[in-house]
Amino acid sequence: MQGDTATLTRTVNVILLGPPGAGKGTQAELLVKNHGLVQLSTGDMLREAKASGSELGQRVAQVMERGELVTDDIVIGLIKEKLSNTDAKGFIFDGFPRTLAQADALGQLLEEFDIKLDAAIELKVDDKILVQRILHRAAQAKAAGQPVRADDNEETLVQRLEAYHAQTAPLIAYYEGKGVLKSVDAMGAIDAIAKELSAIVS
Ligand code: ADP
């Protein structure tokens with residue numbers, strides 16, 4: 001089969017890189033649905049920890065609400081646990097790595113688990129539309145009676161974007177240097193972007 005529902009003949013492992021609101025979560029879900037990959041989202045894991053009221057959740061809640069990054073050790077630990085527990089067709093790393101130290105740690109983990117990184121996919125979006133996108137997402141959730149993410153407000157978003165540019169954007173050059181960077185224009189329609197990503201993983 002070809003196209004969106006193509007069955008993969010071998011495991012595929014990709015990183016989704018991009019600022020908050022770039023659509024990493026949305027595209028990761030589509031890759032899960034269409035290609036059977038397993039999504040590893042550190043943001044989701046941290047929000048679950050927070051919702052469960054665990055000690056870890058309590059430790060990260062305020063950092064997340066400020067829009068800052070939680071410490072590398074915490075997220076590296078979460079990812080390691082998932083890699084050791086899952087028997088997957090491949091992984092989508094969504095929101096991880098977010099610092100150079102996390103990228104180095106991921107490289108070591110992948111070696112340890114004998115997993116090959118096929119691509120780091122950069123979702124390119126102008127900062128200007130990110131604020132609008134996220135405030136729109138928050139308003140939609142609210143209108144539908146769904147919970148709104150505690151960090152989906154203008155003030156925290158400015159901090160999240162700052163953290164992205166200072167700590168995460170350098171990963172673009174890092175993965176370019178490793179010869180695995182793919183850049184996708186993520187300003188357009190969800191379907192069109194999903195097609196491009198499907199082509200990359202196929
Ligand atoms: P987004 O990409 O929309 O900003 P995420 O759901 O990926 O959102 O992350 C939400 C928050 O969780 C981040 O602002 C940060 O506080 C924390 N977080 C998630 N992943 C990481 C990570 N790899 N390293 C450090 N902090 C992280």
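First listed ligand is number 1; within each ligand, the first listed atom is number 1. Start at 1 with the first residue, then count along the sequence. Since we're looking at a predicted model, the values are computed, not measured.
The salt bridge (charged side-chain N to carboxylate O under 4.0 Å, His left out) contacts involving residues 18-41 comprise nothing, where partners must be two or more places apart or lie in separate chains. Within the structure, the salt bridge (charged side-chain N to carboxylate O under 4.0 Å, His left out) test picks out the following pairs touching residues 137-147 (sequence neighbours left out): Arg137-Asp152.
Gln132 meets the side chain to side chain contact (heavy atoms under 4.5 Å, CB included) test with Ile129; sequence neighbours excluded.
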Open item on the list: I'd like to know whether Thr99 forms a side-chain contact (heavy atoms from CB on, under 4.5 Å) with Val75, so could you lay out the CA-CA distance, the side-chain angles of the two residues, the decisive distance to 0.1 Å, and finally the verdict.
Closed with: CA-CA 11 Å; Thr99 63; Val75 285; over 6 Å; no
Open item on the list: Run Ile115 and Thr11 through side-chain contact (heavy atoms from CB on, under 4.5 Å) and show every step you take.
Closed with: CA-CA 9 Å; Ile115 295 170; Thr11 62; over 6 Å; no
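Between the side chain of Ser202 and the main chain of Ala199, no donor-acceptor pair closer than 3.5 Å is present.
For ligand 1, the protein residues within 4.0 angstrom (heavy atoms only) are Pro20, Lys24, Thr42, Gly43, Leu46, Arg47, Met64, Glu68, Leu69, Val70, Val75, Gly95, Phe96, Arg98, Gln102, Arg149, Asp151, Arg160.
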